[in-house]
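Please read the structure below before turning to the comments.
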Amino acid sequence: MVELPWDEVNSLFGQEGSCIIEGWVEGTGPEDWQAVLDLVAENGWRCEYSVAEGDPLPLPPVEALFDRPVGTDRARLRVWPHPDVLSGFLGAIGRRLRRSVVLVSEGAEERSRPLIGFDVGRDRVLVRPNG
């Protein structure tokens, strides 16, 4: 697969790539999240776990992430893959979970219009994959 350097797509995400990006993988469960956490650890990617807008916390066991009561503050996992390897990052998650992965600007209501994503059926990263 040809790599898609961040420098070639960062303009999709606001001025000089300054906005926060949210990623979505539909239909995931605890075993999928454990696979993602394993992938982050295997690749040495920097990550940070927090609840709501709080300070970083130690990453709890994956089961604890799913035992949170309904209505509590949202837990966040932020991941910083190695620079300039955006397609490799998306592809690694998509292949590990065998699902498509999309990136949208933070707070975007419509995940059906991603800015960039990994299409599991095509086994490749596409810019504006649904549009």
Side-chain angles (χ1 to χ4, degrees):
M1 177 176 73
V2 175
E3 291 298 331
L4 185 62
W6 176 247
D7 293 343
E8 291 182 22
V9 296
N10 68 357
S11 63
L12 294 172
F13 302 101
Q15 283 190 343
E16 297 182 27
S18 61
C19 77
I20 295 174
I21 302 164
E22 293 182 346
W24 296 95
V25 183
E26 296 292 337
T28 58
E31 66 282 352
D32 298 310
W33 277 102
Q34 186 62 60
V36 169
L37 296 177
D38 293 346
L39 185 65
V40 169
E42 289 167 15
N43 286 283
W45 295 329
R46 181 178 151 226
C47 70
E48 183 178 279
Y49 170 76
S50 63
V51 177
E53 298 297 325
D55 292 329
L57 301 168
L59 187 63
V62 73
E63 296 82 18
L65 297 175
F66 287 87
D67 288 340
R68 298 172 50 76
V70 174
T72 59
D73 287 332
R74 182 170 64 165
R76 293 178 180 233
L77 176 66
R78 295 181 172 134
V79 178
W80 290 267
H82 300 299
D84 270 347
V85 193
L86 180 60
S87 62
F89 174 67
L90 295 176
I93 291 175
R95 287 186 192 97
R96 177 68 59 103
L97 300 180
R98 292 185 294 272
R99 290 185 170 85
S100 294
V101 180
V102 298
L103 296 182
V104 299
S105 296
E106 182 181 39
E109 295 292 323
E110 212 174 319
R111 292 191 300 263
S112 64
R113 298 182 68 197
L115 299 173
I116 190 168
F118 174 78
D119 184 316
V120 71
R122 295 181 181 171
D123 191 36
R124 63 182 299 187
V125 172
L126 303 170
V127 176
R128 302 216 188 260
N130 295 344

- Any Asp32 side-chain heavy atom under 4.5 Å of Val25 side chain: no
- Query: For Ala41, what residues pass the side chain to side chain contact (heavy atoms under 4.5 Å, CB included) criterion, not counting sequence neighbours?
  - Reply: none
- Task: State plainly whether one hydrophobic cluster holds both Val127 and Leu103, where clusters connect Ile, Leu, Val, Met, Phe, Trp and Tyr through side-chain heavy atoms under 4.5 angstrom apart.
- Result: yes
- Is a salt bridge present between Asp38 and Arg96, judged by a nitrogen-to-oxygen distance below 4.0 Å? no
- Message: Testing the basics here: between Asp119 and Ser100, what is the closest heavy-atom pair and its distance to 0.1 Å?
- Response: CA-OG, 3.8 Å
- Item | Spatial distance of atom CD (Glu63) from atom CD (Gln34) [nearest 0.5 Å] | 7.0 Å
- Where do Gly94 and Val120 come nearest, in terms of heavy atoms and distance? O-CG2, 4.3 Å
- Distance-minimising heavy-atom pair for Arg78 and Ser50: NH1-OG, 4.4 Å
- Note on the structure: Nearest heavy-atom approach of Trp45 to Ala92 is CH2-CB, 4.2 Å
- For Asp55, does the CG atom have more than 12 heavy-atom neighbours from other residues, nucleotides or ligands under 6.0 Å away? no
- Message: If you define the side chain from C-beta out and look only at heavy atoms, does anything of Asp123 sit under 4.5 Å from Phe118?
- Response: yes
- CD1 on Ile93 to CZ on Arg98, rounded to 0.5 Å: 15.0 Å
- Query: Taking a hydrophobic cluster as the set of Ile, Leu, Val, Met, Phe, Trp and Tyr residues connected by side-chain heavy atoms closer than 4.5 Å, whether directly or through intermediates, do Trp80 and Leu39 fall within one such cluster?
  - Reply: no
- Rounded to the nearest 0.5 Å, what's the gap from CG on Leu59 to CG on Leu37? Could you check? 5.0 Å
- Polar side-chain atom of Arg99 near backbone of Gly27 as donor-acceptor pair, under 3.5 Å: yes
